Amino acid sequence: MARAGPGGGRRRGGWRRVSSAVTPAAAPEVPAVSEHSVRVRFAPAPSGWLHVGSVRTALFNWLWARHTGGTFIWRIEDTDADRATDASMQSMIEAMRWLGLDWDEGIEVGGPYGPYRQSARADLHRAVARRLADRGHLYHDDRSPDELNAWRQERRDADLPPIVKRDTVPDASEGTLRLALPTSGTTSVDDLVRGEVTWDWANESDPVLVRSNGAVTYPLANAVDDLAQGVSVVCRGEDLLSVTPRQRRLYELLLADDLLDDALAEAGLPARDPSWEAPSTFAHLSMVVGQDRKKLSKRHGSVSIQEFARRGFLPETLLNYIALLGWSPRDGRERMDRDEVVAAFDLTNVGASAAAFDTDKLTAFNGERIRDLSPDALAHRLVPHLDGTHLPDDDEGDPDPTFEPVVATPPTDEQMATLVALVPLVQERMQTLAEIADYAPPFFREVGIDDAAAAKVFRKAGAVEALEAGARVLADVDWTVEGIEEALRGLTDELGIGFGKVAQPIRVAVTGSNVSPPLFESLEIMDRAVVLLRLEAALPIARDIQAGTD
RNA sequence: GCCCCCGUCGUCCAGCGGUCGAGGAUCCCACCCUUUCAAGGUGGUGACGCGGGUUCGAAUCCCGUCGGGGGUACCA
């Protein structure tokens, strides 16, 4: 990833020192938190769900806080009451908890610089706006949205940029309040991910800070709260890169002559720590795109993070995989657990190009992780995929509402015992937890025989004989893997056919499918009586198919 | 249109002027193993968007171009 700009050395700042002071084995004499400690925040608007892109932003913030021993703040930006929903917020909380991303200050958990829901900070925002207006930084724009849109269209039609500046609008006494931005000169920021980025003030449109209904907008609330909460590092999506100049202008204005401190006092909110300055570090993360390099689609990860749980992905896998989207440790390791990622993560070493979400790679990671689980742990993780909590995919990839739970909620002791016995058989052949729904049913209840499997296997010569002989020898044999194997393998000589021709018909008869865990082990954990019954029941089906074949 | 960002195997990353006849992961293919399906093992295909320049030397630096993305809201 070539980093544009002359910033090759810009990443060598003081971060290493900070990070080395907080590794788990940090020497006790080094204070874990200094006056320059990292304070990062995740600040989503509560509309919609957490998806891969927003989770990556949350994760990188969280990782940087944990790596540096800093503070991870979760603030909710619900200044637009029309879009914010409580359901969305609850869903986000659930997703964060599932991923194991904990926050030190923020919604639900509180903290010294709350409230952490912007709608609860409206008094502060208004107090700030009033002071800004008093100092002459704001002006009224009384055009209606329709008028504004018409004006913008005119400008575009004339190939002119629709940039609003104080002198392009009448200074009316009523209407929305805009911030008067500088009209000339440039401003630049040294972004951790992108290097130096420069803007010309002449191209920056004056943002609306207060709506006609009196509510403040994101540009104001975001800047105020970042300052009031002592945020030191702003790490967010690239979609907010263009908003940086006006935000930094606001920082300047708010910090001048104690404007913000006075407003904080007036609103009765906690004072800022005197050592806090404006956020000095910015990191704009690239977008996450689909495998087609276009916007994230439903097939490619633009789904709620809960959807990944439903599809049988482990939270550890997601965390590991998403951390690798745009970042990698110096030694090139890919499979890492949470602590390893925290230890190795480096915000100053994040790539700037858009990352495509690759479900195949995620799936491969997941399979490996499943194999690393202890059988007992895996059994417990499997339960939600059997009891109806997580529905398997239907043909369209949507939750299948016709899925019949395989075990009770909670599972009976007997069901749990069966599951624990089954786990070693399926563990190494699963990529996702959801696949258990394919393997498990015949071990728990009666299942029909799959037509395609029957057609394929029963029509082969020797199938009927294999079923008959299988039932015969299995009727009295030691019901152990060894006993079953010996009996069944003995059949190849007796019938004069290969073992595959013996095993497949029996597999289909007993499991209903031509794909299953290993036969002997599968039979062993089933009831002998059940096995014999199924072999018996399959016989007429096999005979029919053979008859039709001739 | 205007502003900004990005551009190495299909995909994710490594590469920070010579050690790159470009490395790892994933995907794909082949072979081994094998009672199905997997897993595992071995091997393989596959990339510096293009054009100029700087330099003894460029994937690495500069310029241009093309392509992709974001912004251009009284959304965030």
Side-chain angles (χ1 to χ4, degrees), chain A residues 1-4 6 8-9 43-45 47 77-80 82-83 141 143-145 148-149 152 155-163 175-178 191 193-194 197-200 203-205 207-213 215 217-219 221-222 236-244 284 286-287 289 291 293-295 321 324-328 330-335 351-365 367-368 371 426-431 435 438-439 453 457 485 488-489 498-504 506-508 511 513-520:
Chain A
M1 224 81 330
R3 270 104 191 184
S47 59
E77 308 223 319
D78 56 347
T79 48
D80 186 353
D82 291 344
R83 292 173 197 236
D141 181 352
R143 291 176 292 185
S144 70
L148 269 170
N149 284 336
R152 283 194 191 94
R155 298 279 297 182
R156 290 212 172 99
D157 290 346
D159 273 356
L160 293 168
I163 296 167
T176 62
L177 284 171
R178 284 185 191 271
D191 190 278
V193 176
R194 279 147 224 288
V197 184
T198 302
W199 295 265
D200 194 326
N203 293 325
E204 297 299 309
S205 199
V208 169
L209 259 33
V210 182
R211 300 182 173 94
S212 52
N213 67 5
T217 59
Y218 160 82
N222 182 266
R236 77 239 290 197
E238 183 189 6
D239 50 335
L240 292 171
L241 177 61
S242 63
V243 123
T244 307
H284 287 95
S286 60
M287 303 277 93
V289 297
Q291 272 148 330
R293 300 235 113 232
K294 298 282 194 253
K295 264 234 277 283
Y321 175 74
L324 260 18
L325 247 29
W327 171 80
S328 65
R330 296 209 161 269
D331 57 17
R333 270 138 72 224
E334 290 209 321
R335 318 307 147 105
S353 55
F357 189 82
D358 183 355
T359 307
D360 282 342
K361 187 162 178 173
L362 206 221
T363 304
F365 272 40
E368 285 186 39
R371 268 160 250 135
V426 295
Q427 183 161 20
E428 71 180 21
R429 59 202 78 229
M430 287 198 304
Q431 301 263 66
E435 289 165 25
D438 296 328
Y439 291 118
V457 173
E485 172 163 14
L488 258 25
R489 283 201 190 277
F499 185 66
K501 292 248 171 68
V502 174
Q504 281 305 83
I506 295 176
R507 186 190 308 282
V508 171
T511 69
S513 163
N514 57 336
V515 176
S516 86
L519 226 212
F520 315 133

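So that the names make sense, note that chain A is the first sequence line, chain B the second, and so on, each numbered from 1. All values reported here derive from a predicted model rather than from experimental measurement.
- Put simply, CZ on R333(A) is 17 Å from C1' on rG23(B), counting in whole angstrom units.
- Residues H284(A) and V193(A) are not in side-chain contact: their nearest non-hydrogen atoms beyond the backbone lie 4.5 Å or more apart.
- Under the Watson-Crick or G-U wobble criterion, with both distances below 3.5 Å, rC31(B) is paired with rG41(B).
- Within the structure, a side-chain polar atom (N or O) of R335(A) is placed less than 4.0 Å from OP1 or OP2 of rU26(B).
- A salt bridge is defined here as a Lys NZ or Arg NE, NH1 or NH2 lying under 4.0 Å from an Asp or Glu carboxylate O, and E435(A) with R429(A) fails to meet this definition.
- Across all strands, T511(A) comes closer than 4.0 Å to no nucleic acid atom at all (heavy-atom distances).
- The side chain of R194(A) approaches rC5(B) more closely than any other nucleotide in the set rC2(B), rC5(B), rG7(B).
- Comparing the C1' positions of rC48(B) and rG21(B) gives an interatomic distance of 14 Å, to the nearest angstrom.
- The separation between W327(A) atom CH2 and rA25(B) atom P is 17 Å, rounded to whole Å.
- Spacing between rC32(B) and rA39(B) at atom C1', rounded to whole Å, works out to 14 Å.
- Straight-line distance from the CG atom of L324(A) to the C1' atom of rU26(B): 11 Å, rounded to whole Å.
- With a 3.5 Å ceiling on both atom-pair distances, rA58(B) lacks any Watson-Crick or G-U wobble partner.
- The closest donor-acceptor contact from the side chain of Y321(A) to the backbone of T359(A) lies at 3.5 Å or more, if one exists at all.
- Residues passing the side-chain hydrogen bond (donor to acceptor under 3.5 Å, both in side chains) test with R178(A), sequence neighbours excluded: D141(A).
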All N/O contacts under 3.5 Å from nucleotides 36-45 of chain B to the protein, with atom names and distances to one decimal?
residue	atom	partner	partner atom	Å
rU36(B)	O4'	Q504(A)	OE1	3.0
rU36(B)	O2'	N514(A)	O	2.8
rU36(B)	N1	R507(A)	NH2	3.3
rU36(B)	O2	S516(A)	N	2.8
rU36(B)	O2	S516(A)	O	2.9
rU36(B)	N3	R507(A)	NH1	3.3
rU36(B)	N3	S516(A)	O	2.5
rU36(B)	O4	P518(A)	N	3.2
rC37(B)	O2	R429(A)	NH1	2.9
rC37(B)	N3	R429(A)	NH1	2.2
rC37(B)	N4	R429(A)	NH1	3.4
rA38(B)	O2'	R429(A)	O	3.3
rA38(B)	N1	E428(A)	OE2	3.4
rA39(B)	O4'	E428(A)	O	2.8
rA39(B)	O3'	R371(A)	NH1	3.4

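- Nucleotide rU35(B) holds its P atom 14 Å from the NZ atom of K501(A), rounded to whole Å.
- Comparing the same atom, P, in rU11(B) and in rC50(B) gives a spacing of 15 Å after rounding to whole Å.
- Of the P atoms belonging to rU60(B) and rC16(B), the separation is 12 Å, rounded to the nearest Å.
- When both pairing distances are held under 3.5 Å, rG64(B) makes a Watson-Crick or G-U pair with rC50(B).
- One can place CZ of R155(A) at 14 Å from P of rC2(B), the figure rounded to the nearest angstrom.
- F520(A) comes within 4.0 angstrom of a base, heavy atoms only.
- For the P atom pair drawn from rU35(B) and rG49(B), the interatomic distance equals 48 Å after rounding to whole Å.
- Residues satisfying the salt bridge (Lys or Arg N to Asp or Glu O under 4.0 Å) test with K501(A), not counting sequence neighbours, are none.
- The partner of rG1(B) is rU72(B), judged by Watson-Crick or G-U wobble contacts that both fall below 3.5 Å.
- Taking atom CD of residue E334(A) and atom C1' of nucleotide rA14(B), one finds them 10 Å apart after rounding to whole Å.
- Comparing the same atom, C1', in rG10(B) and in rU72(B) gives a spacing of 33 Å after rounding to whole Å.
- Annotation for V515(A) and R507(A): closest pair N-CD, 4.2 Å, computed over non-hydrogen atoms.
- Ring geometry, F520(A) versus F499(A): the interplanar angle falls from 30° to 60°, so the pair is classed tilted.
- Residues passing the salt bridge (Lys or Arg N to Asp or Glu O under 4.0 Å) test with R83(A), sequence neighbours excluded: D80(A).
- Rounded to whole Å, atom C1' of rC4(B) lies 14 Å from atom CZ of R236(A).
- Both E204(A) and A356(A) sit near RNA chain B, but only E204(A) has its closest nucleotide nearer the 5' end.
- Evaluation of the ring-ring contact (aromatic ring centres under 6.0 Å, His included) rule for Y218(A) yields no partner, not counting sequence neighbours.
- For D200(A) and rC3(B), the CG to C1' distance is 9 Å, given to the nearest whole Å.
- The residue N203(A) sits close only to the backbone: its heavy atoms come under 4.0 Å of sugar-phosphate atoms, none of a base.
- Residues E428(A) and P517(A) form no side-chain contact, since every pair of their non-hydrogen atoms from C-beta on lies 4.5 Å or further apart.
- Atom name C1', nucleotides rU8(B) and rA47(B): the rounded distance is 6 Å, in whole Å.
- When the C1' atom is compared between rA73(B) and rG68(B), the two are found 24 Å apart, to the nearest whole Å.
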Quick tally for nucleotides 65-76 of chain B: nucleotides whose base has a protein heavy atom under 4.0 Å get B, sugar-phosphate-only ones S, the rest -, giving ----SSSBBBSB

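- When all heavy atoms of R236(A) and V243(A) are compared, the closest pair comes out as NH2-CG1, 3.9 Å.
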